[in-house]
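Please read the structure below before turning to the comments.
Reckoned from all heavy atoms, side chains included, excluding hydrogens, waters and symmetry mates.
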There are 2 protein chains.
Amino acid sequence: MNIGIASEKTGLPSKTIRYYEDIGLVRPARTDNGYRDYSASDIHRLKFLQRSRSLGFSVDECRQLLSLYQDRARDSADVKAIAEARLVEIDRKIAELNGLRHLLHHLVEHCHGNDRPDCPIIDELAGEGLVQ
Amino acid sequence: MNIGIASEKTGLPSKTIRYYEDIGLVRPARTDNGYRDYSASDIHRLKFLQRSRSLGFSVDECRQLLSLYQDRARDSADVKAIAEARLVEIDRKIAELNGLRHLLHHLVEHCHGNDRPDCPIIDELAGEGLVQ
DNA sequence: CTTGACCTTCCAGCTACTGGAGCCCTTAGA
DNA sequence: TCTAAGGGCTCCAGTAGCTGGAAGGTCAAG
């Protein structure tokens with residue numbers, strides 16, 4: 001199966017699929033003319049990667065998850081640990097963004113947004129602001 | 001004022017300050033020995049950048065904000081527009097992360113996390129999962 | 001005179017791709 | 001049989017925003 005079809009089946013751009021090969025996440029066969037030839041199990045692997053990435057796992061975490069996936073004797077605890085670490089990270093990020101959102105919203109609300117120069121947002125950035 | 005002191009005063013690493021000079025955000029004088037020499041107004045600019053960056057503005061937005069800051073005849077509306085765009089982006093990101101968090105939390109909750117291989121997280125990633 | 005803490009420049013690397021150039025292969029139509 | 005379109009291939013460079021490190025210059029203290 002050519003890379004274009006693999007791309008359609010997995011929802012990953014061809015460029016990305018080649019990249020995943022570069023970094024050793026997938027190893028398709030090659031046909032005589034040098035084209036990559038994806039098997040059903042390659043497609044499965046790529047879909048696994050697509051889903052993992054879209055759940056926010058880093059490429060390196062995906063690598064670990066893939067190897068746990070292949071490992072019939074894995075401990076589910078190992079998978080859970082990776083997912084929980086991700087969850088903690090996501091929570092941290094959400095909290096950070098909520099903090100920013102709060103500050104920024106506060107500033108935006110106090111800015112008239114007209115044709116005059118006085119602006120609490122700029123004042124804040126300049127260190128003469130609303131927020132202590 | 002040497003870069004080390006500027007770093008202390010602004011909370012930005014020296015490397016970052018040099019980088020900001022590279023991309024034209026700040027232009028310190030030089031002393032005879034070739035050392036960068038930061039004036040009070042350079043420090044002010046750097047602090048402005050530090051605050052803007054920590055509020056989540058991109059370097060390019062910081063550039064725009066800085067030039068609005070210098071512009072005594074600015075319209076506060078222009079500043080507000082940049083901040084509002086940032087706010088929209090932050091909200092989008094928060095929503096995305098909340099979605100991920102929800103999914104991942106759901107999966108983690110259903111994983112026993114023991115020494116057995118069966119794991120709904122892996123199943124989900126493999127496309128045989130809980131989530132439709 | 002030496003030591004150590006600074007400073008300088010330049011180059012490479014990080015994440016996870018993405019775009020583009022320049023080329024080859026295959027297939028359908030004129 | 002020629003040609004054009006639409007794949008595919010490799011390799012190189014660029015994205016954001018730094019960060020680390022090498023190799024060297026400068027300065028103040030002891």
Exercise. So what does B:Arg18 touch, heavy atoms closer than 4.0 Å: a base, only the sugar-phosphate, or nothing?
Worked result: base

Atom pairs, protein N/O to nucleotides 20-22 of chain C N/O, distance under 3.5 Å:
residue: C:dG20; atom: O6; partner: A:Lys15; partner atom: NZ; Å: 2.2

Seminar exercise, completed: Of C:dA16, D:dT10, D:dT19, the nucleotide closest to the side chain of B:Tyr19 is D:dT19

For this session: Decide if the gap between the ring center of B:His102 and the ring center of B:His106 is smaller than 6.0 angstrom.
Result: no

Exercise. Any side-chain donor paired with an acceptor under 3.5 Å for A:Thr31 and A:Asn33?
Worked result: yes

Exercise. Quick one: which of D:dG8, D:dG17, C:dC17 gets closest to the side chain of A:Ile3?
Worked result: D:dG8

Exercise. Whole Å only: how far is the CZ atom of B:Arg36 from the P atom of C:dC6?
Worked result: 17 Å

Seminar exercise, completed: B:Asp60 atom CG is separated from D:dG17 atom P, nearest whole Å, by 8 Å

Exercise. CD of A:Glu8 versus C1' of D:dG7: gap in Å, rounded?
Worked result: 12 Å

Problem set entry | Distance, rounded to the nearest Å, where B:Leu25 contributes CG and D:dG17 contributes P | 10 Å

Problem set entry | Member of A:Arg27, A:Arg30, A:Arg45 meeting the salt bridge (Lys or Arg N to Asp or Glu O under 4.0 Å) criterion with A:Glu21 | A:Arg30

For this session: Could you check whether B:Ile23 gets within reach of a base, just the sugar-phosphate, or nothing at all, counting any heavy atom under 4.0 Å?
Result: nothing

Exercise. Do the side chain of B:Tyr20 and the base of D:dG17 come within less than 3.5 angstrom through a donor-acceptor pair of N or O atoms?
Worked result: no

Problem set entry | salt bridge (Lys or Arg N to Asp or Glu O under 4.0 Å) assessment of A:Lys93 paired with A:Glu89 | CA-CA 6 Å; A:Lys93 193 79 192 172; A:Glu89 191 49 33; over 6 Å; no

For this session: Using atom CD1 of A:Ile17 as one end and atom P of D:dT10 as the other, report the distance to the nearest whole Å.
Result: 14 Å

Exercise. Atom CG of B:Leu12 to atom P of D:dT19: distance rounded to whole Å?
Worked result: 9 Å

Problem set entry | Closest heavy-atom pair and its distance - A:Ile121, B:Ala83 | CD1-CB, 3.8 Å

Problem set entry | Gap between atoms OH and P, on B:Tyr38 and C:dC6 respectively (whole Å) | 16 Å

For this session: Among C:dC7, D:dT26, C:dT18, find the nucleotide with the atom closest to the side chain of B:Asn2.
Result: C:dC7

Seminar exercise, completed: In whole angstroms, the gap separating C1' of D:dG17 from CZ of B:Arg53 amounts to 6 Å

Exercise. Closer than 4.0 Å, any side-chain N/O of B:Asn33 to the OP1 or OP2 of D:dG25?
Worked result: no

Problem set entry | Transitive ILVMFWY side-chain link A:Tyr35 to A:Tyr20, under 4.5 Å | no

For this session: Just call it for B:Ser14: base, sugar-phosphate, or nothing, with non-hydrogen atoms closer than 4.0 Å on any strand.
Result: nothing

Exercise. Can you list the residues that meet the side chain to side chain contact (heavy atoms under 4.5 Å, CB included) rule with B:Asp42, with sequence neighbours excluded?
Worked result: B:Val26, B:Pro28, B:Tyr38, B:Ser39

Exercise. Does A:Thr16 put a side-chain nitrogen or oxygen below 4.0 Å from OP1 or OP2 of C:dT18?
Worked result: yes

Exercise. Shared ILVMFWY cluster between B:Ile82 and B:Leu25, side chains joined below 4.5 angstrom?
Worked result: yes

Exercise. Just to confirm, is there a sub-4.0 Å distance from OP1 or OP2 of D:dT10 to any side-chain nitrogen or oxygen of A:Arg30?
Worked result: yes

